[in-house]
Amino acid sequence: MATQQATKGKILIVDDQPLNIKILHQLFHEEYEMFMATSGEQALQVCQKMQPDLVLLDIEMPEMTGYEVCQRLKADPATANIGVIFITAHFDEMEEVKGFQLGAVDFIHKPINPIITSARVKNQYLLKRQSDVLHSIALLDSLTGVANRRQFEQRLPEIWRHCSRNQAYLSVIMLDVDFFKRYNDRYGHQEGDQCLRLVADAVKGMLKRPNDLIARYGGEEFICILPEAKLSGAMRLAQAMVDAVQALHLEHLDSEFGEVTVSAGIAAIQPLAEQSWESLVEVADQQLYIAKHNGRNQVVGIDIEPAQ
């Protein structure tokens, strides 16, 4: 069973008046993990780092209004799913319309009514958690439990931009189960499905960094995103994956190796904002083709030179 701390939701209170923060903090600190910010810019930074479930956001703040904060949160894929509840001292129908159009989920009016405020925050938190569960299911491969192609195609552009901003390397590993059609033909599709599950678990077990991602790319192909990883590190990791799959010793009598193996193709690059992330995947796929052409059960990789 999960601990209470693990199941606590996270709420960020944003208000330029410390007294208002104190009132809301006292109301929610026992049920939720609380964070505070006194400016719009600070709120954006906390949201990027802590990923709260909800933001209780004052509208009228100096330098950056609550509306501006909400607009920037919703424009960034990393924070777009955070629920925003506006806190306001005024009731103005047009202002509320504006807030909902920007993506807010509710409004709470000052002075704070503890019962009404608690109920609204609890309702929005439960809706957020349900949405998160549905979202995570939609982004997982139902057979293997790793990320699906949709999640991969959402994450790679974000990671590409991150590495471009930080002038960091980015590597991609493409893996393919060798002679998988022969495996299905001999052992049947149920055994083929179990084979893919075991391969996915073995490959995923080699990933140690929280930002690395493995996804099922399609059929018997998997793909890994390795942010801030150079070719040499990606090659070592890919070889560990190839070895981990062979160490399963899954019988495959129609393979020249006598057991299930995988081949891996790697592409590494220092991304530039104007370049296309799709090209990185294409090059990794080309390297995978070379690995299979050269005999399978091996790793082939290349460093992509930056565009001149």
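Judged by a 6.0 Å distance limit and a 45° cone about the ring axis, Lys98 is positioned over the six-membered ring of Tyr67. Taking the centre and axis of the six-membered ring of Phe179, the NZ or CZ atom of Arg296 falls inside the cone set by 45° and 6.0 Å.
Atom CZ of Arg155 is separated from atom CG of Leu213 by 5.0 Å, given to the nearest 0.5 angstrom. Expressed to the nearest 0.5 Å, how far CE of Met174 lies from CD of Gln286 amounts to 11.0 Å. From Thr117, atom OG1 reaches atom CZ of Phe28 across 6.0 Å, with rounding to the nearest 0.5 Å. The distance from atom CE of Met241 to atom CG of Leu207, rounded to the nearest 0.5 Å, is 4.0 Å. Rounding to the nearest 0.5 Å gives a distance of 12.5 Å between CD1 of Ile87 and CD of Glu60. With rounding to the nearest 0.5 Å, the separation of NE2 in His252 from OH in Tyr183 is 8.0 Å.
Between Phe107 and Phe86, the ring center distance clears the sub-6.0 Å criterion.
Between the side chain of Gln51 and the main chain of Cys47, a donor-acceptor pair closer than 3.5 Å is present. In this structure, the side chain of His29 engages the main chain of His25 through a donor-acceptor pair within 3.5 Å. Listed for the Asn166 side chain is a donor-acceptor partner under 3.5 Å among the backbone atoms of His162. Using modelled atom types, one side-chain atom of Ser279 and one backbone atom of Ser276 make a donor-acceptor pair closer than 3.5 Å. Checking side-chain atoms of Gln48 against main-chain N and O of Leu44 turns up no donor-acceptor pair under 3.5 Å. Formation of a donor-acceptor pair under 3.5 Å by the Ser171 side chain with backbone atoms of Ala229 is found in this model. A donor-acceptor distance shorter than 3.5 angstrom exists from the side chain of Lys74 to the backbone of Ile82, with no hydrogens or angles considered. Under the 3.5 Å distance criterion, the side-chain polar atoms of Arg216 are left unmatched by any main-chain donor or acceptor of Ala200. Put simply, the side chain of Ser131 never gets that close to the backbone of Leu127: no donor and acceptor are under 3.5 Å apart. The closest donor-acceptor contact from the side chain of Gln151 to the backbone of Leu139 lies under 3.5 Å.
Under the 4.5 Å side-chain heavy-atom criterion for grouping Ile, Leu, Val, Met, Phe, Trp and Tyr, Val199 is connected to Met206 within one hydrophobic cluster. One hydrophobic cluster, built from ILVMFWY side chains closer than 4.5 Å, holds both Val262 and Tyr187. One hydrophobic cluster holds both Leu143 and Val177 under the rule that ILVMFWY side chains link at heavy-atom gaps under 4.5 Å. Connection of Leu54 to Ile112 is established within a shared hydrophobic cluster, with ILVMFWY side chains joined at heavy-atom distances below 4.5 Å, either directly or through further cluster members.
For the pair Ser164 and Ala273, the tightest heavy-atom approach, listed with the atom from each and the gap, is OG-N, 3.1 Å. Of all the heavy atoms in Gly145 and Leu140, the pair that sits closest is O-CD2, 3.7 Å. The two atoms that bring Tyr32 and Lys122 nearest to each other are OH-CA, 3.6 Å, heavy atoms only. Closest approach of Pro62 and Asp16 over heavy atoms only: CD-OD2, 3.5 Å. The shortest non-hydrogen separation linking Glu68 to Thr65 is OE1-N, 2.8 Å. Looking at every heavy atom in both residues, Leu198 comes nearest to Leu248 through O-CD1, 3.8 Å.
Heavy-atom neighbours of Phe35 CZ from other residues, nucleotides or ligands within 6.0 Å: above the threshold of 12. Taking a 6.0 Å sphere around CD of Glu274, one finds it holds more than 12 heavy atoms contributed by other residues, nucleotides or ligands.
His249 and Glu259 are linked by a side-chain donor-acceptor pair at a separation below 3.5 angstrom, with hydrogens and angles left out of the test. For the residue pair Ser263 and Asp178, a side-chain donor N or O sits within less than 3.5 Å of a side-chain acceptor on the partner. If you check the side chains of His135 and Gln130, you find no donor sitting under 3.5 Å from an acceptor. Donor-acceptor pairing under 3.5 Å is recorded for the side chains of Thr38 and Gln42. Side chain to side chain, Glu41 and Ser39 fail the donor-acceptor criterion of an N or O pair below 3.5 Å. Asp141 and Asn148 are not linked by any side-chain donor-acceptor pair at a separation below 3.5 angstrom, with hydrogens and angles left out of the test.
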For this session: Apply the test side chain to side chain contact (heavy atoms under 4.5 Å, CB included) to residues Leu27 and Ser118: give CA-CA distance (whole Å), side-chain angles for both, the deciding distance (0.1 Å), then the verdict.
Result: CA-CA 8 Å; Leu27 190 58; Ser118 294; 3.6 Å; yes
Problem set entry | Worked check of side chain to side chain donor-acceptor pair (under 3.5 Å) between Arg236 and Gln239 | CA-CA 5 Å; Arg236 288 193 297 272; Gln239 187 61 58; over 6 Å; no
For this session: May I have the step-by-step check of salt bridge (charged side-chain N to carboxylate O under 4.0 Å, His left out) for Asp58 and Lys110, ending in yes or no?
Result: CA-CA 10 Å; Asp58 186 31; Lys110 300 175 185 176; 3.4 Å; yes
For this session: Test side chain to side chain contact (heavy atoms under 4.5 Å, CB included) on Val84 and Val105 and set out the steps.
Result: CA-CA 6 Å; Val84 175; Val105 295; 5.7 Å; no
For this session: Decide side chain to side chain contact (heavy atoms under 4.5 Å, CB included) for Val281 and Ile223; before the verdict, give the C-alpha distance in whole Å, the side-chain angles of both, and the deciding distance to 0.1 Å.
Result: CA-CA 9 Å; Val281 178; Ile223 191 161; 4.1 Å; yes
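Contact annotation: the side chain of Leu175 approaches that of Val203 to within less than 4.5 Å [non-hydrogen atoms, C-beta and beyond]. By the 4.5 Å heavy-atom criterion applied to side chains, Val300 and Leu288 are not counted as neighbours. In this structure the side chain of Val69 never reaches within 4.5 angstrom of the side chain of Val14, judged on heavy atoms. By the 4.5 Å heavy-atom criterion applied to side chains, Phe222 and Thr144 are counted as neighbours. When side chains are defined from C-beta on, Ile159 does not count as touching Arg161, because their heavy atoms never get closer than 4.5 Å. Between Gln275 and Trp160, some side-chain heavy-atom pair lies under the 4.5 Å cut-off. Using a 4.5 Å heavy-atom threshold, the side chains of Glu95 and Thr88 count as separate. By the 4.5 Å heavy-atom criterion applied to side chains, Ile302 and Ile266 are not counted as neighbours.
Checked options Ile269, Val283, Leu280; the residue passing with Val172 is Leu280 (criterion: side-chain contact (heavy atoms from CB on, under 4.5 Å)). Considering Ile85, Asp106, Asn113 as possible partners of Arg120, the one that fulfils the side-chain contact (heavy atoms from CB on, under 4.5 Å) test is Asp106.
Checked for salt-bridge contact, Arg149 and Glu153 meet the test: a charged N lies under 4.0 Å from a carboxylate O. Under the 4.0 Å criterion applied to side-chain N and carboxylate O atoms, Asp76 and Arg72 are not assigned as salt-bridge partners. Under the 4.0 Å criterion applied to side-chain N and carboxylate O atoms, Asp201 and Lys204 are not assigned as salt-bridge partners. Remark: Asp53 does not engage Lys10 in a salt bridge, criterion side-chain N to carboxylate O under 4.0 Å. A salt bridge does not link Arg186 with Glu251: none of the charged nitrogens is closer than 4.0 Å to a carboxylate oxygen. Checked for salt-bridge contact, Asp132 and Lys128 meet the test: a charged N lies under 4.0 Å from a carboxylate O.
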